[in-house]
Amino acid sequence: MVNAAIVKQLKELVGVQNVFDNKADRVTYAYDAAVLEPQLPAVVVRPENSEVLGRVVAFCNQERLSVTVRGAGTNLSGGTIPQLGGVVLLTNGLNRILEINSEDMYAVVQPGVITAQLAAAVEAKGLFYPPDPGSQAVSTLGGNVAENAGGLRGLKYGVTADYVMGLRFYDVEGNLIKTGSRTVKCATGYNLKALMIGSEGTLGVLDEIILKLIPPPRARKSMLAVFDQMERASQTVAAIIAHHIVPATLEFLDNFTIRAVEDFSHAGLPVEAAAILLVEVDGHPGQVAEESEQVEAILKQMGAKDIQVARDDAQRDRIWAARRSALSALAKLKPTVVLEDATVPRSKIPAMVHALQDIARRFDLAIGTFGHAGDGNLHPTILTDKRDKGEWQRVEAAIEAIFDEALALGGTLSGEHGTGLAKAGFLKKETGQGAILLSRRIKSALDPNHILNPGKIIGA
Amino acid sequence: MADMHALVRLMREVEDQLASCMRCGMCQSVCPLYATTGREADVARGKLALLDGLLREMFDRPDSVRERLDRCLLCGSCQAGCPSGVRVMDIFIKARAILAGFSGLSFSQKMIFKGMLAHPALFDQLTFWSSRFQKLLTRPVNEMLGTSCARVMSPLIGDRHFKPLADRPFHHEVPFLDTPAGRSGRKVAFFVGCLLDKIFPKVAGDVVTVLEKAGVGLLIPQGQACCGIPALSAGDTQTFQRLLRHNLERFPVDDFDYLVTACATCTSTIKKLWPLMAEKEDAGTRRRVARIAEKTLDISQFLIDEHLLTDVPSVGRASKPAEVTYHDPCHLKKSLGVSVQPRAVLNAIEGIRFVEMEGADQCCGMGGSFNIKYYDISRDIGERKRRAIQASQCSVVATSCPACMMQISDVLSRGGDPVRVRHVIELLAECWKDNDNYPSTH
Ligand SMILES: Cc1cc2nc3c(=O)[nH]c(=O)nc-3n(C[C@H](O)[C@H](O)[C@H](O)COP(=O)(O)OP(=O)(O)OC[C@H]3O[C@@H](n4cnc5c(N)ncnc54)[C@H](O)[C@@H]3O)c2cc1C
Ligand code: SF4
Ligand code: SF4
């Protein structure tokens, strides 16, 4: 238990200015972006260098204090909601980009570096870090790795895991563990780095991350196509892929979302459309020219009612503004926003969209769906008011129905937002009890006192 | 122990608005305070969570929440970028009022607001006399910027390079003016505002010059008062309401087409906060406030939107054009979405080459009384601005708000940078003045 003596020792470890034990400060570290009840930590600490980070972890283990590492606190699954009376460990004192190596194309960062800031620094050196979660302006790379965050470019460029070359992390006893390397290939030892990716702070605390960088695409082209049937839009996605074209981004908005965006931004979107597809191809200029023509032809052939091709950057921005404002447009409709990310195999998107519309009707809820059509990752967004108890019960039932549907279609509960607390109770449905038991054995081996972010992923 | 139930009842007023925050954390990317401190209690999400905590009766005293709520620049960056459209500024202003009403104002706040601001005539006299005395306390450090630093170290003044009060406030020069609509066919009322009146009377004079040259009729009523923002941000709604009523009497809404100001903060207060705080007034007052708010424009916005800058005389006898950059005051760009027009004014001036600085719309860190209470943080935020100005390599930084002018002068002067801080309107007014070494210092 955290008492005055513990707080005093923490102050000695990290410095008085980096310990927050006033209740008002603690209240501001009790939540994240998930719609879940906040839990008040007993104390919040902010180490300012790697060594101190390790000592804090070891100290908490020795004192049996639960520790929840917090980056920007933007995850959508409750991963940074601490245990009542536990310790919150902030990483924003560890926010230095340690190296950007243009020759070998990698970057080494501390976990608190903000995603967009790394992307900008890398771009300034003529390179490219592709993972671009919608929260990149605030999310940290530690949080990205610990959630295996995705983004709009997942289809062609993959997710965070595809860029982690190596990691350095503290185990629960405060030993510094190194896994992976600065090399493109690495075949030594167990792949501990794979275990750490997506582990949501339950197995160790990330201290340094080596990230792969790539040359940026030289050209890109964006298109928007309007469909009057969801099936058509979805078949179009399949057709594009069948032509062996892999767009950098292939997004869709459903009718509900189109209406919300149009009401909000008056961008001239067709409010009667069943779906809008947004496509961007990138790469070598010649390839981009060829592929964009092909995509345009496919869009026509598949019966798109209207096609807009961006001729310049301004038009490109206009096209993407619709997608970028999807969440804000929906969020403004109701006080509470539940953003799910059930994911299905690409070909099952029409079935999933139908199921979602059916669920919205069945539970009498407003659900707007948009997302990454190219990789099957949908964002059904439930708009509600959590203070309305009756409706909230229907929301919970609807979430379960969405999970069931995604699994029935051969999909997963979460494409990118992680398990956290929100989905821990449903994990068994997807993985079966065996995987959970094995995971718990791994957890017990690495964290015998169960102090690292308890309750997340595999339950208590 | 305070009666927290009573407070919770009062807080219900903002409950619905509080519920619209989805805790996404996106405000972290724009909050100048959070960028400097990295503390969640400093960013809107944290503050809203604290207010939520008050509502949920998590606290048995409101003091610690109030203290954190007050640590804010009220710059509105969070609201401008909020995906959920949370009306953060409305919530903060209302909550400050509720908490001040509940816990009371501090002694010095009472002295300033109730004793001075609420009585415009007394306030004018006091500041007039203190301008005589401050000469004894301060010495000019940086001629170019016209700031003074403390000769006698006083705890309030510290080592800041602040703008001294002018020898003669604007209302001594021009106590009253009422001219008919000229060739433009427009008549405007000029809301001068405290900082222009008492610290930058020259800018106020330049506003008059420019409007006269543009053929615009002017109404400058006698005895206008403060717009009320200092009182309101301290939660003193009583003083605010007094000032509001006082100003409503001075500015008969039917007598002018527009009300212009050269202070971003006044413009935003009149347009946004007057209507918000008039919610509880009678229907007649509400209507008057709404009509005034509708007619209120920033001076550059007025000149450009009304196409009044068609025959600006050419200036620029200086051999090479002055390179001028522009700082967006939060209260213009983030609160009102006005950013194009001040740049258009600069571009209309021959002899100026406009250069966009990096992060032109990043807060300068002034934040009214924030600067006084949290001077060190305010200075850190200002330093970022200073670096951006330096990087633009301009010799002049223009802006549209006297409060920003004070803060930027302070950071530049402290760093000894040879950059002049000017109001957009000063640069414009010089086009009509016979001026050999354009643009001049003062
Ligand atoms: C508006 C919005 C849009 C979003 N868009 C996307 C999107 O497009 N794609 C996507 O994948 N996600 C998205 N997210 C979810 C979220 O932003 C991501 O999960 C992101 O990776 C979280 O980063 P963070 O820094 O906020 O981490 P936090 O929320 O602070 O932490 C996330 C998890 O990582 C753990 N953790 C953090 N740092 C460390 C460390 N150093 N060592 C060990 N564990 C650590 C925490 O304990 C927690 O379990 C979005 C969220 C919002 C609010
Ligand atoms: S950006 Fe808006 S909704 Fe998101 S946390 Fe900040 S105030 Fe709340
Ligand atoms: S008003 Fe400005 S300082 Fe205050 S919380 Fe919002 S962004 Fe931060």
Side-chain angles (χ1 to χ4, degrees), chain A residues 17-18 20 22-36 38 40 44 46 70-76 80 88 90-93 95 112 114-117 134-140 143 264 324-339 385-388, chain B residues 12 14-31 34-71 77-87 358-359:
Chain A
Q17 74 286 5
N18 287 319
F20 307 103
N22 184 300
K23 184 169 181 185
D25 287 321
R26 292 184 283 123
V27 165
T28 65
Y29 296 103
Y31 52 76
D32 52 32
V35 188
L36 294 170
L40 201 59
V44 180
R46 174 164 67 180
R70 184 181 177 96
T74 67
N75 76 87
L76 292 155
T80 43
V88 166
L90 303 179
T91 61
N92 69 355
N95 58 358
I114 290 165
T115 315
Q117 290 180 2
S135 51
Q136 60 174 330
V138 293
S139 74
T140 64
F264 167 65
R324 267 197 306 271
S325 58
L327 181 59
S328 351
L330 291 171
K332 288 185 175 75
L333 298 178
K334 285 282 190 83
T336 311
V337 182
V338 181
L339 183 60
D385 185 340
K386 65 175 182 245
R387 295 169 299 174
D388 177 342
Chain B
R12 296 249 177 264
V14 292
E15 189 179 7
D16 278 341
Q17 286 171 310
L18 273 181
S20 61
C21 170
M22 56 177 177
R23 302 282 188 270
C24 68
M26 295 307 284
C27 39
Q28 287 177 358
S29 69
V30 292
C31 176
Y34 182 81
T36 310
T37 66
R39 286 175 60 165
E40 182 84 9
D42 284 338
V43 75
R45 179 170 70 163
K47 291 181 160 73
L48 296 172
L50 282 168
L51 293 174
D52 203 45
L54 272 185
L55 258 174
R56 290 165 176 241
E57 305 196 34
M58 287 179 71
F59 295 93
D60 29 83
R61 293 172 60 84
D63 314 22
S64 58
V65 174
R66 188 176 173 204
E67 193 186 304
R68 283 161 183 76
L69 187 67
D70 285 350
R71 221 171 103 108
S77 304
C78 44
Q79 173 166 326
C82 172
S84 199
V86 180
R87 307 206 46 87
E358 186 80 22

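So that the names make sense, note that chain A is the first sequence line, chain B the second, and so on, each numbered from 1.
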Peer 1: Show the numbers, then the answer: is there a side-chain contact (heavy atoms from CB on, under 4.5 Å) between A/Val44 and B/Arg39?
Peer 2: CA-CA 11 Å; A/Val44 180; B/Arg39 286 175 60 165; over 6 Å; no
Peer 1: For A/Phe264, is it the side chain, the backbone, both, or neither that has a heavy atom closer than 4.5 Å to a heavy atom of chain B?
Peer 2: neither
Peer 1: Do A/Thr28 and B/Arg45 have side chains that approach each other closer than 4.5 Å (heavy atoms only, starting at C-beta)?
Peer 2: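 A/Thr28 vs B/Arg45: side chains apart.
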Peer 1: Identify the two heavy atoms, one from A/Arg46 and one from B/Thr37, that lie closest to each other, and give their separation to 0.1 Å.
Peer 2: NH1-O, 3.0 Å
Peer 1: Can you say whether A/Arg324 sits under 4.5 Å from chain B via the side chain, the backbone, both, or neither, judging by heavy atoms?
Peer 2: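 When you check distances to chain B, no heavy atom of A/Arg324 falls under 4.5 Å.
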Peer 1: Sequence neighbours excluded, which residues qualify as salt bridge (Lys or Arg N to Asp or Glu O under 4.0 Å) partners of B/Arg12?
Peer 2: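 Only B/Glu15 meet the salt bridge (Lys or Arg N to Asp or Glu O under 4.0 Å) criterion with B/Arg12.
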Peer 1: Given heavy-atom pairs under 4.5 angstrom as the criterion, report whether the side chain, backbone, both or neither of B/Arg56 touches chain A.
Peer 2: side chain
Peer 1: If you look only at distance, which donor and acceptor atoms sit under 3.5 Å apart when one is on a side chain in residues 17-29 of chain B and the other is two or more places apart or in another chain?
Peer 2:
from, atom 1, to, atom 2, distance (Å)
B/Ser20, OG, B/Gln17, O, 2.6
B/Gln28, NE2, A/Ala72, O, 3.2
B/Gln28, NE2, B/Glu40, OE1, 3.1
B/Ser29, OG, B/Met26, O, 2.9

Peer 1: Where do B/Gly46 and A/Tyr31 come nearest, in terms of heavy atoms and distance?
Peer 2: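 In this case the closest contact between B/Gly46 and A/Tyr31 is CA-OH, 3.3 Å.
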Peer 1: Is the shortest side-chain heavy-atom distance between A/Val138 and B/Tyr34 below 4.5 Å?
Peer 2: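 A side-chain contact is absent here, since even the closest heavy-atom pair is not under 4.5 Å.
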Peer 1: Could you have a look at B/Cys82, B/Gly53, B/Ser64 and say which one has the most heavy-atom pairs with chain A under 4.5 angstrom?
Peer 2: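 Top count of heavy-atom pairs under 4.5 Å with chain A: B/Ser64.
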Peer 1: Show the nearest heavy-atom pair for residues B/Gly38 and A/Asn92, with the distance to one decimal.
Peer 2: O-ND2, 2.8 Å
Peer 1: Go through the steps for A/Asn22 and B/Glu67 under the test side-chain contact (heavy atoms from CB on, under 4.5 Å), then give the verdict.
Peer 2: CA-CA 12 Å; A/Asn22 184 300; B/Glu67 193 186 304; over 6 Å; no
Peer 1: Under 4.5 Å from any heavy atom of chain B, what part of A/Asn95 do you find: side chain, backbone, both or neither?
Peer 2: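 A/Asn95 has no heavy atom closer than 4.5 Å to chain B.
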Peer 1: Does some side-chain heavy atom of A/Lys23 sit less than 4.5 Å from a side-chain heavy atom of B/Asp60?
Peer 2: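 Of all side-chain heavy-atom pairs linking A/Lys23 with B/Asp60, none is under 4.5 Å.
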Peer 1: Would you find more than 12 non-hydrogen atoms of other residues, nucleotides or ligands less than 6.0 Å from B/Arg87 atom CZ?
Peer 2: no
Peer 1: Side chain, backbone, both or neither: which part of B/Asp16 has a non-hydrogen atom closer than 4.5 Å to chain A?
Peer 2: both
